Amino acid sequence: MTAPTLTGGTSHAGRARRRQAVLRRTVLSVGTVAMLVPVVALLEYSVRFPLTGAVDLSAWRKIVAGRTTEYQSLAPLWSGLTSSLVMCALTVAIMLGLLLPTMVWVRLRAPRAARTLELVCLLPLSIPAVVLVVGLAPVYRFIAGTPLGSSTVWLSFAYVILVLPFAFRALDAGLRAIDLVTLAEAARTLGGGWSRILLRVVVPNLRPAIVSSSFVTVAVVLGEFTVARLLARENLQTALFQVNLSDSQVAAAMAFVLLTGTTALLVTLELLATRTARTARPRSAEPSRPGVGREPRGARR
Amino acid sequence: MVTATVPVGRAHTARPAAPARGRAVARLRAGAGLAPFFGYTAVFLLLPTLIVVDGAFRGADGALTLDGLRDAATARTAQVFWTSTWLSAVTAAIGTVVGGVLAYALSTAPVTSVPRKVLTGFSSVLAQFGGVMLAFAFIATLGTNGMVTRLVYEQLGLQVPPDLLSSMTGLVVVYAYFQVPLMIIVFLPALDRLRPQWREATAVMGGTTAQFWRRVAGPILLPQVLGAFLLLFANAFSAFATAAALISQQTVLVPMAIESAIRNENNTGMDSYAQVLALGMVVVVALVMGAHALLLRRAARWTKDAR
């Protein structure tokens with residue numbers, strides 16, 4: 001596939017390649033169908049009246065109606081959704097504001113701290129959220145006593161920790177793909193200061209990595225249940241859990257929207273990232289190497 | 001390509017030819033830049049961990065004691081830990097095998113192909129989302145009124161057991177559904193790093209495809225496969241939401257036992273029981289993830305110059 005000289009090879013090689021393609025397509029189709037069945041079932045469940053099997057759009061009508069006084073039992077869903085969306089923004093902001101400058105700083109000024117930074121960032125992988133909550137309970141009791149109060153959105157502080165490993169990996173892959181030291185030296189030679197290096201050199205070069213780290217953060221925050229449940233706060237997932245007890249069809253419809261919506265968002269972002277990378281420069285000779293095709297591309301600014 | 005293994009650009013950066021005091025100041029300043037991050041993680045990551053570890057060894061009066069550990073060493077505790085462990089091991093094995101095959105099929109497709117994008121995108125959503133919505137999806141699929149339940153009954157006349165989803169078998173099925181996508185995301189980059197040159201080199205020296213997999217790709221990928229298995233194990237071991245949404249009547253897994261201990265307000269001794277259970281989880285997951293890190297370091301030997 002990579003070497004054009006092979007295309008004129010023997011029919012044996014051609015047959016092997018065709019067989020591989022058929023096998024690949026079969027495996028992928030079976031896998032995709034298996035993965036899609038529960039999602040399709042979710043959609044069907046949301047529109048099927050359980051007793052008669054008749055199609056019934058009432059669950060969707062309730063969701064489209066939004067937050068009205070008519071459906072009191074859905075009130076938690078809307079407040080939970082609002083908190084979760086606010087927390088998405090807050091968590092992304094804290095995560096990027098905290099992690100990105102630190103990672104750049106470590107690469108440029110404090111390379112000795114690189115191992116420690118990586119260790120700390122990956123540590124949450126070894127500490128399950130349930131465990132973290134047990135230790136976070138006193139911390140949040142303290143926060144509730146400060147002017148911040150006991151609002152749900154401060155769960156973002158804990159969520160930053162939960163996404164740390166994923167965000168770190170995404171940003172780390174991006175930083176590996178660029179020659180940060182040279183870029184920073186060039187910027188400094190031209191008289192750029194620290195903030196200028198960060199905002200004008202690092203951020204534009206890392207846009208795909210920043211997008212993917214933000215995305216993974218949003219996905220984690222929207223899907224988070226454990227911390228909110230054990231600290232008795234209300235976010236999207238705990239609200240879904242609660243609504244499911246009274247109106248499982250609405251919960252199913254909402255879950256379907258969230259699953260498909262997030263997937264669509266991710267795929268679109270991915271496609272956009274590749275497209276801009278491809279138009280900015282000729283296709284990389286080795287497209288399979290992650291990050292390599294994402295070279296500096298300031299043309300869009 | 002091969003010459004690039006020398007770490008270019010690192011050597012001449014952090015060594016300013018400054019006198020001793022200047023160097024100390026520079027080091028201090030370098031440390032100051034790290035303060036916000038490490039301060040934050042100290043409060044929200046290290047402190048909670050310390051609270052758990054410390055709390056497990058303290059009695060209600062605050063004195064250091066092993067009573068908490070002794071009280072927790074019951075058949076019930078052993079039971080939940082055992083159930084959690086085998087559930088995680090079985091689903092991790094399923095995830096590794098099925099996800100590995102799917103990841104390989106994906107890796108043979110071009111990076112830019114749409115099916116690959118869609119499947120990886122969907123996988124990362126499923127692997128991250130999991131939880132409550134996954135439980136809903138399976139109630140809609142295999143519950144008493146589920147789509148597949150009805151289909152199987154109408155077409156084959158077979159009745160899916162009505163309590164399947166609140167049984168351990170059901171939990172295995174549901175867990176596999178987030179383990180497989182996680183395996184795809186974790187393993188796909190490893191497969192992508194298998195250089196076409198290695199395969200060409202094998203072919204040039206007269207090696208067959210089987211030989212390539214057995215002698216070249218296999219040994220390179222083995223640590224990554226084992227590492228992925230461990231990651232999946234830890235993932236299942238820590239999962240809480242799915243089981244909580246499916247099984248509400250009993251506490252069968254460690255996280256569920258922790259929840260019921262935290263939420264029990266009649267017995268204050270339960271707080272320390274939660275901390276002991278949490279400590280147990282930390283120990284298990286830390287061991288697994290430690291082994292995972294060692295395996296990855298071994299695997300990194302082959303991926304370093306590809307970065």
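Letters A, B, ... mirror the listed sequences (proteins, then strands); counts begin at 1. Side chains are part of it too, since the values below use all heavy atoms of this structure and drop only hydrogens, waters and symmetry mates. What you see is a predicted model; the values in this text were computed from it and never measured.
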Could you tell me which portion of [X] (side chain, backbone, both or neither) has an atom closer than 4.5 angstrom to a non-hydrogen atom of chain B?
X      : answer
A/L123 : side chain
A/R112 : side chain
A/L245 : neither
A/L122 : neither
A/I94  : side chain
A/A264 : neither

(message) Heavy-atom pairs under 4.5 Å with chain A - which of B/A105, B/A245, B/S238, B/A234 has more of them than the others?
(response) B/A105
(request) Mind ranking B/L231, B/L277, B/L119 by heavy-atom pairs under 4.5 Å with chain A and telling me who comes out on top? (result) B/L119
If we define contacts as heavy-atom pairs under 4.5 Å, which of [options] has the most with chain B?
options                       : result
A/P38, A/S126, A/S248, A/A158 : A/P38
A/L180, A/V160, A/L99         : A/V160
A/G31, A/P128, A/A232         : A/P128
A/T238, A/L23, A/V27          : A/V27

Is the shortest side-chain heavy-atom distance between [X] and [Y] below 4.5 Å?
X      : Y      : answer
B/F136 : A/L240 : yes
A/M254 : B/M133 : no
B/S123 : A/M35  : yes
B/L45  : A/P124 : yes

Side chain, backbone, both or neither: which part of [X] has a heavy atom under 4.5 Å from chain A?
X      : value
B/L46  : side chain
B/Y177 : side chain
B/V148 : side chain
B/F237 : neither
B/L191 : neither
B/L34  : both
B/A244 : both

Which atom names give the shortest non-hydrogen contact between [X] and [Y], and what distance separates them?
X      : Y      : value
B/P255 : A/V130 : CB-CG2, 3.8 Å
B/M147 : A/V37  : CE-O, 4.0 Å
B/V52  : A/G135 : CG2-N, 3.6 Å
B/A241 : A/T226 : N-OG1, 4.4 Å
B/F240 : A/L230 : CE2-CD1, 3.6 Å
A/A41  : B/A137 : CB-O, 4.5 Å

Measuring from [X]:[atom1] to [Y]:[atom2], what's the distance to the nearest 0.5 Å?
X      : Y      : atom1 : atom2 : answer
B/L47  : A/F142 : CG    : CZ    : 10.5 Å
A/T32  : B/L102 : OG1   : CG    : 7.5 Å
A/L100 : B/F37  : CG    : CZ    : 12.0 Å
A/L136 : B/I51  : CG    : CD1   : 8.0 Å
B/I139 : A/Y45  : CD1   : OH    : 6.5 Å
A/L164 : B/Y40  : CG    : OH    : 9.0 Å

(message) As a quick check of understanding, evaluate side chain to side chain contact (heavy atoms under 4.5 Å, CB included) for B/V43 and A/F157, giving each step before the final call.
(response) CA-CA 10 Å; B/V43 174; A/F157 297 143; over 6 Å; no
(message) Parallel, tilted or perpendicular, judged at 30° and 60°: which one describes the rings of B/F44 and A/Y140?
(response) tilted
